[in-house]
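Below: the structure, in structure tokens.
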Number of protein chains: 2
Amino acid sequence: MPQISGKVAKRAAGRPATKANAAQEPRPVSDKTLRKALGYHMKRAFNVIQTDLSETLKPLGLRMLTYTALVLIVDNPGLSQSQLADAMDIERPNLVVIVDELEQNELILRERVPSDRRTYALNATLAGRQLYERAVAAVLSHEARLLARFDAGQLEATKTVLQSIRAEG
Amino acid sequence: MPQISGKVAKRAAGRPATKANAAQEPRPVSDKTLRKALGYHMKRAFNVIQTDLSETLKPLGLRMLTYTALVLIVDNPGLSQSQLADAMDIERPNLVVIVDELEQNELILRERVPSDRRTYALNATLAGRQLYERAVAAVLSHEARLLARFDAGQLEATKTVLQSIRAEG
DNA sequence: CCTAGATCGTTATTAACTATAATTATCATC
DNA sequence: GATGATAATTATAGTTAATAACGATCTAGG
């Protein structure tokens, strides 16, 4: 899942520029057509953010999906796996292993609810809530550093666009 | 790869609201903590755009990766697989099957270059260039429809932020 | 009551994308 | 000419996503 970035720079730096290859100097690959689409920029930017996020979470023993699930469980105590899967936009079968992992790490509990014995009420343990605090702080501070150079107006416009794209579906 | 979206709406719509469940009406799941991070909005927005893109490309027999590769090959005739992999930010081994697929569909050619017989010069066929035209037009018009409601300033700010994120790595 | 249909969590399976190590052929350099 | 680097490839494994199907349970209509 972590994606390597910045290879173009590595390539460009590592050229000895001898007489032999001076002629066919590897001209940088043009992405003039791709860059007309916002989705292209979004994929590249998302790769960067996702890699950064993964490295932030790794020392805490979390991945992006387990982080997302843990945060939603802490913020919404007692929710069901179906609700959680809906909130995460993933299929119910794929959530099972995520909840399994959180449960095995004793970060959450699957509790039976008497009124509907088909469902589990998901609740975080104390350790889960403590990890939540550390993980959320780490994620936000990491991202703040990554976005430090932008002004609030730019970020607000970006957030607005991204949110509205999501809303339309 | 296409991700289902809009499930929350489906769920909310399908409730009969009888006496029994009126009490524990499924309150919408709160993402108040997650939404503090721009990466969260980016993932959701990217899912929407990616799903839209995949559906746009499917009738043309392309996926996101084969589309990206085809566009870069048409725009950069004769480039090598290493250059292409670098431009796409994927590992060289993973590019092989993509180039295989484009070649089997007779959209591109792997041509030996005499000056360096280790590399292939990738070039699009006539069919490849024709499909390129149709695919690029389809992608841009689809995205234009998806982004129609935003003004140019918002989109420009978004593009600037996304590009700079990518540049920093 | 009680049967039919729906929902919840689950298993199994498949496909797509990503990442790493190792191999072969070729090139560059000393 | 030997040594090391590069290009493409093979093999492999890990992660994520999508679908079908099942048992248990709930809901609704007769």
Side-chain angles (χ1 to χ4, degrees), chain A residues 1-5 7 10-11 14-22 24 26 43 46-47 50-51 54 57-58 62-66 68-69 79-86 88-101 103 110-122, chain B residues 1-5 7 10-11 14-22 24 26 43 46-47 50-51 54 57-58 62-66 68-69 79-86 88-101 103 110-122:
Chain A
M1 144 214 11
Q3 193 146 354
I4 295 174
S5 55
K7 284 211 229 138
K10 189 176 64 180
R11 277 195 129 250
R15 81 187 126 84
T18 65
K19 274 179 293 182
N21 64 8
Q24 58 265 29
K43 176 175 165 58
F46 181 59
N47 278 347
Q50 190 185 23
T51 300
S54 295
L57 293 175
K58 187 174 298 178
L62 292 171
R63 288 167 294 130
M64 202 173 70
L65 287 171
T66 52
T68 304
L79 88 171
S80 70
Q81 292 186 193
S82 285
Q83 289 177 302
L84 181 54
D86 280 349
M88 293 176 65
D89 261 359
I90 65 176
E91 298 302 320
R92 269 73 83 224
N94 297 326
L95 181 65
V96 174
V97 294
I98 296 171
V99 172
D100 281 349
E101 185 177 328
E103 191 183 35
R110 276 192 249 233
E111 297 173 359
R112 280 285 179 204
V113 29
S115 63
D116 186 344
R117 284 182 307 186
R118 292 171 301 178
T119 80
Y120 290 114
L122 302 176
Chain B
M1 153 208 6
Q3 192 145 354
I4 296 174
S5 55
K7 284 210 231 146
K10 188 174 66 181
R11 275 196 132 250
R15 80 189 127 82
T18 63
K19 272 178 291 183
N21 65 7
Q24 57 265 29
K43 177 176 167 56
F46 180 59
N47 278 347
Q50 191 184 21
T51 301
S54 295
L57 293 174
K58 188 174 296 177
L62 293 171
R63 288 166 297 129
M64 202 174 68
L65 287 171
T66 52
T68 304
L79 89 170
S80 71
Q81 291 186 194
S82 286
Q83 290 177 301
L84 181 55
D86 281 349
M88 292 175 69
D89 261 0
I90 64 175
E91 299 301 320
R92 269 75 83 226
N94 297 327
L95 181 64
V96 174
V97 294
I98 296 170
V99 172
D100 281 349
E101 185 176 328
E103 191 183 33
R110 276 193 251 234
E111 297 174 358
R112 279 289 180 201
V113 29
S115 63
D116 187 344
R117 283 183 309 187
R118 293 171 301 180
T119 80
Y120 291 114
L122 302 177

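Fair warning: this is a prediction, and the values are worked out from it, not measured in the lab. Each chain gets a letter, A, B and so on, in the order its sequence line appears, and its residues count up from 1.
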side-chain contact (heavy atoms from CB on, under 4.5 Å) involving B:Leu57 - partner list, sequence neighbours excluded = B:Leu53, B:Leu62, B:Tyr67, B:Ala135, B:Val139
Can a side chain N or O of B:Arg117 be found less than 4.0 Å away from OP1 or OP2 on C:dC27?
-> yes
What distance separates B:Leu84 CG from B:Leu95 CG, expressed to the nearest 0.5 Å?
-> 4.5 Å
Can you tell me how far P of C:dC17 sits from CZ of A:Arg63, to the nearest Å?
-> 20 Å
Of A:Pro114 and B:Arg112, whose nearest nucleotide on DNA chain D comes first from the 5' end?
-> B:Arg112
Rounded to the nearest angstrom, tell me the gap between atom NZ in A:Lys58 and atom P in D:dG14.
-> 14 Å
In whole angstroms, how far is the C1' atom of D:dA8 from the CD1 atom of B:Ile98?
-> 14 Å
Output yes when at least one side-chain N/O atom of A:Ser82 is less than 4.0 Å from OP1 or OP2 of C:dC8, else no.
-> yes
Gap between atoms CG and P, on B:Leu95 and C:dA16 respectively (whole Å) | 17 Å
side-chain N/O A:Thr119 vs C:dT7 OP1/OP2, d < 4.0 Å | no
Listed by chain and number, what are the side-chain contact (heavy atoms from CB on, under 4.5 Å) partners of B:Leu65, not counting sequence neighbours?
-> B:Met88, B:Ile98
Close side-chain approach of B:Lys43 and A:Gln50, heavy atoms under 4.5 Å = no
Hits for side-chain contact (heavy atoms from CB on, under 4.5 Å) against B:Val113, two or more places apart or cross-chain, chain-then-number order -> B:Ser115, B:Thr119
What nucleic acid atoms does A:Leu65 come within less than 4.0 Å of, heavy atoms only: base, sugar-phosphate, or nothing?
-> sugar-phosphate
Can a donor-acceptor pair under 3.5 Å be found between the side-chain atoms of B:Arg118 and the base atoms of D:dT6?
-> yes
Sort me out a list of protein N/O and nucleotides 9-13 of chain D N/O pairs below 3.5 Å, or just none if empty.
{"residue": "D:dT9", "atom": "OP1", "partner": "B:Arg110", "partner atom": "NH1", "Å": "2.9"}
{"residue": "D:dT9", "atom": "OP2", "partner": "B:Gln81", "partner atom": "OE1", "Å": "3.1"}
{"residue": "D:dT9", "atom": "OP2", "partner": "B:Gln81", "partner atom": "NE2", "Å": "2.6"}
{"residue": "D:dT9", "atom": "OP2", "partner": "B:Arg110", "partner atom": "NH1", "Å": "2.9"}

Measure from CD on B:Glu91 to C1' on C:dC17 and round the result to the nearest Å.
-> 12 Å
To the nearest angstrom, the CD-C1' distance between B:Glu101 and C:dA16 comes to 11 Å
Which residues pass the ring pair (Phe, Tyr, Trp, His ring centres under 6.0 Å) test with A:Tyr120, sequence neighbours left out?
-> none
Atom CG of B:Asp116 to atom P of D:dA8: distance rounded to whole Å?
-> 8 Å
When the distance from CD of A:Gln83 to P of C:dT7 is rounded to whole Å, what number comes out?
-> 14 Å
Salt bridge (Lys or Arg N to Asp or Glu O under 4.0 Å) against B:Glu111, all qualifying residues, sequence neighbours excluded | none
